[in-house]
Amino acid sequence: MKKLQKKYSIAAFIDILGYKDLIQNEAIEREIELFNDLKITIDLALASTVEITKTILTHFDNKYGDSERISNRLNVKQFSDNIYFSFDYEDQNENDLLFGIYIISNISLTYQRLMLAKGYFVRGGIGMGLNMVDKNFIFSTALIDAVETEKDTIYPRITLHTKLKNKFLLTENHPLKDLLKGTLIQDWADNIFLNPFNQTTRNIKAYETLSANDFQEIEQVLTNKQKRLINKINKEFSFIPNDKQFNSVSRAHISKKIKKYKGRNQSIYEKYLWSRNFLNWVENRRSDLLFRYI
């Protein structure tokens with residue numbers, strides 16, 4: 001029997017808000033329709049995040065012949081309405097740690113963005129630390145921190161655990177930290193969370209760091225291996241690469257939730273009111289709440 005190896009990871013735990021209400025109330029009389037829509041959305045979101053990331057990492061593994069394959073560091077597990085992502089890093093290696101933060105942050109916010117595009121709001125936490133995983137078992141302080149952060153975060157966002165937040169803030173003058181500019185937001189209570197809006201602009205900045213040859217090779221690999229997936233994404237989420245259109249669709253979903261819960265459930269209503277204020281802030285509109293980029 002293969003033994004677990006001691007590893008350290010950046011780990012994200014994300015769940016779908018309103019899943020209980022969907023199961024107990026909205027699904028009555030049209031269970032198959034709702035669950036099929038949710039399944040298709042989750043499948044596409046996972047494929048668009050994990051599969052594409054693994055394809056890119058595998059390309060670099062093959063190109064540079066690294067004996068320790070970076071693509072094997074990425075793990076994902078789906079259970080009910082919860083998703084777990086993790087990426088291993090070498091303990092006490094700042095470059096490796098920041099690379100892990102970069103990978104998991106981008107996967108998590110892309111997952112959030114794709115789910116939001118179909119009207120599913122998610123909430124999550126990201127932690128760091130011991131994380132030993134095989135196909136049947138997870139023993140992880142990183143996951144415990146991520147789950148506790150998810151429970152405390154309240155609003156529809158993915159928040160960094162305090163330990164991870166402090167580690168990130170103490171790091172200065174690093175290219176990977178520069179690539180995360182615009183990705184991480186700090187609120188009035190010093191919580192740091194991911195920004196799913198205006199992602200296309202940030203992706204362009206990341207692609208600009210690649211050589212023209214690397215960019216063309218990645219594009220070719222994705223076209224060859226993920227053609228069917230890319231066609232599905234283009235069909236279901238054609239508006240997502242356009243930040244303005246995505247923000248407009250998101251605003252419509254937020255408004256629908258606000259209307260649904262206003263006067264019915266104050267705590268849930270305030271969650272979506274927070275979302276509208278945050279989107280207003282991102283788009284330089286009037287917002288009742290204060291945030292800042294870090």
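Nothing fancy with the numbering, it's 1 onward along the sequence. Model, not experiment: these values are computed from the prediction.
Residue pairs meeting the salt bridge (Lys or Arg N to Asp or Glu O under 4.0 Å) criterion with at least one partner in residues 274-288, sequence neighbours excluded, are Arg251-Glu283, Glu283-Arg285, Arg286-Asp288.
Under a 4.5 Å side-chain heavy-atom criterion applied to ILVMFWY residues, the cluster that includes Phe79 comprises Phe13, Tyr84, Val133, Ile138, Leu143, Val147 as well.
Here the side chain of Arg113 pairs a donor or acceptor atom with the backbone of Pro196 at under 3.5 angstrom. Remark: the backbone N or O of Ala11 is not paired with any side-chain donor or acceptor of Asn131 at under 3.5 angstrom. No side-chain donor-acceptor contact under 3.5 Å links His161 to the backbone of Gly125. A distance-only check finds a donor-acceptor pair linking the side chain of Asn277 to the backbone of Leu273 [under 3.5 Å].
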Next on the checklist: Run Tyr102 and Phe87 through ring-ring contact (aromatic ring centres under 6.0 Å, His included) and show every step you take.
Outcome noted: CA-CA 10 Å; Tyr102 177 77; Phe87 190 83; over 10 Å; no

Item to check | Working for side chain to side chain contact (heavy atoms under 4.5 Å, CB included), residues Val249 and His253 | outcome: CA-CA 6 Å; Val249 169; His253 287 311; 3.7 Å; yes

Checklist entry - Would Arg73 and Asp96 satisfy side chain to side chain contact (heavy atoms under 4.5 Å, CB included), going step by step from the backbone distance to the final call? => result CA-CA 11 Å; Arg73 297 190 194 182; Asp96 226 26; 2.9 Å; yes

Next on the checklist: Set out, in order, the CA-CA distance, both residues' side-chain angles and the distance that settles side chain to side chain contact (heavy atoms under 4.5 Å, CB included) for Tyr8 and Asp88, then state yes or no.
Outcome noted: CA-CA 6 Å; Tyr8 295 86; Asp88 300 337; over 6 Å; no

Checklist entry - Checking side chain to side chain contact (heavy atoms under 4.5 Å, CB included) for the pair Asn75/Phe85: CA distance, chi angles, key distance, verdict? => result CA-CA 6 Å; Asn75 291 289; Phe85 303 118; over 6 Å; no

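Going from atom CD1 of Ile83 over to atom NZ of Lys77 covers 10.5 Å, rounded to the nearest 0.5 Å. Atoms OG1 and OH, on Thr41 and Tyr111 in that order, are 9.5 Å from each other to the nearest 0.5 Å. Once rounded to the nearest 0.5 Å, the distance linking CG of Asn166 with OG1 of Thr171 reads 10.5 Å. Here the CD atom belonging to Glu270 is positioned 4.5 Å from the CD atom belonging to Gln266, to the nearest 0.5 angstrom. Distance OG/Ser250 to CZ/Phe197: 4.5 Å, rounded to 0.5 Å. To the nearest 0.5 Å, atoms CG (Leu130) and NZ (Lys6) are separated by 6.5 Å.
Two residues are said to be in side-chain contact when any heavy atoms from C-beta on lie closer than 4.5 Å; Leu169 and Ile192 meet this criterion. Two residues are said to be in side-chain contact when any heavy atoms from C-beta on lie closer than 4.5 Å; Tyr293 and Leu184 fail this criterion. Inter-residue side-chain proximity for Leu160 and Thr149 is flagged as unmet; no heavy-atom pair is nearer than 4.5 Å. Counting heavy atoms from C-beta on, the side chains of Ile16 and Leu38 come closer than 4.5 Å. Side-chain contact between Trp281 and Asp187 is absent, with no heavy-atom pair separated by less than 4.5 Å. When side chains are defined from C-beta on, Asn106 counts as touching Leu180, because their heavy atoms get closer than 4.5 Å. Asn247 is listed as a side-chain neighbour of Leu279, based on a closest heavy-atom distance under 4.5 Å. Looking at heavy atoms from C-beta onward, Ile14 lies out of side-chain contact with Glu150 at the 4.5 angstrom threshold.
Figure legend: cation-pi geometry between Lys177 and Phe168, with NZ or CZ positioned under 6.0 Å from the six-membered ring centre and within 45° of its axis. A cation-pi arrangement, defined by a distance under 6.0 Å to the six-membered ring centre and an angle within 45 degrees of its axis, is absent between Arg157 and Phe278.
Judged purely by distance below 3.5 Å, without hydrogens or angles, the side chains of Ser86 and Ser9 never pair a donor atom with an acceptor atom. For the residue pair Asn191 / Thr159, no side-chain donor-acceptor distance below 3.5 Å is found, with atom types taken as modelled. If you check the side chains of Tyr120 and Asp81, you find no donor sitting under 3.5 Å from an acceptor.
Of all heavy-atom pairs spanning Ile104 and Ala12, the tightest one is CG2-CB, 3.8 Å. Pairing each heavy atom of Phe291 with each of Leu289, the nearest pair is CE1-CB, 3.7 Å. Listed here is the closest heavy atom pair of Ile158 and Ser108: CD1-O, 3.6 Å. Contact detail for Lys257 and Tyr272: the closest heavy-atom pair is CB-CG, 3.5 Å. For the residue pair Met115 and Ile42, the shortest heavy atom distance occurs at CE-CG1, 3.8 Å. Taking each heavy atom of Ser105 and Leu194 in turn, the nearest pair found is O-CD1, 3.6 Å.
Between Trp274 and Phe193, the ring center distance clears the sub-6.0 Å criterion.
By the salt bridge (Lys or Arg N to Asp or Glu O under 4.0 Å) test, Lys39 pairs with Asp43, sequence neighbours left out.
No path of Ile, Leu, Val, Met, Phe, Trp and Tyr side chains, each step under 4.5 Å between heavy atoms, connects Ile144 with Tyr89, placing them in separate hydrophobic clusters. Following chains of ILVMFWY side-chain contacts shorter than 4.5 Å, one can reach Val282 starting from Trp188, so the two form part of one hydrophobic cluster.
Counting heavy atoms of neighbouring residues, nucleotides and ligands inside a 6.0 Å radius, atom NZ of Lys262 does not exceed 12 of them. Counting non-hydrogen atoms of neighbouring residues, nucleotides and ligands closer than 6.0 angstrom, the NZ atom of Lys54 exceeds 12 such neighbours.
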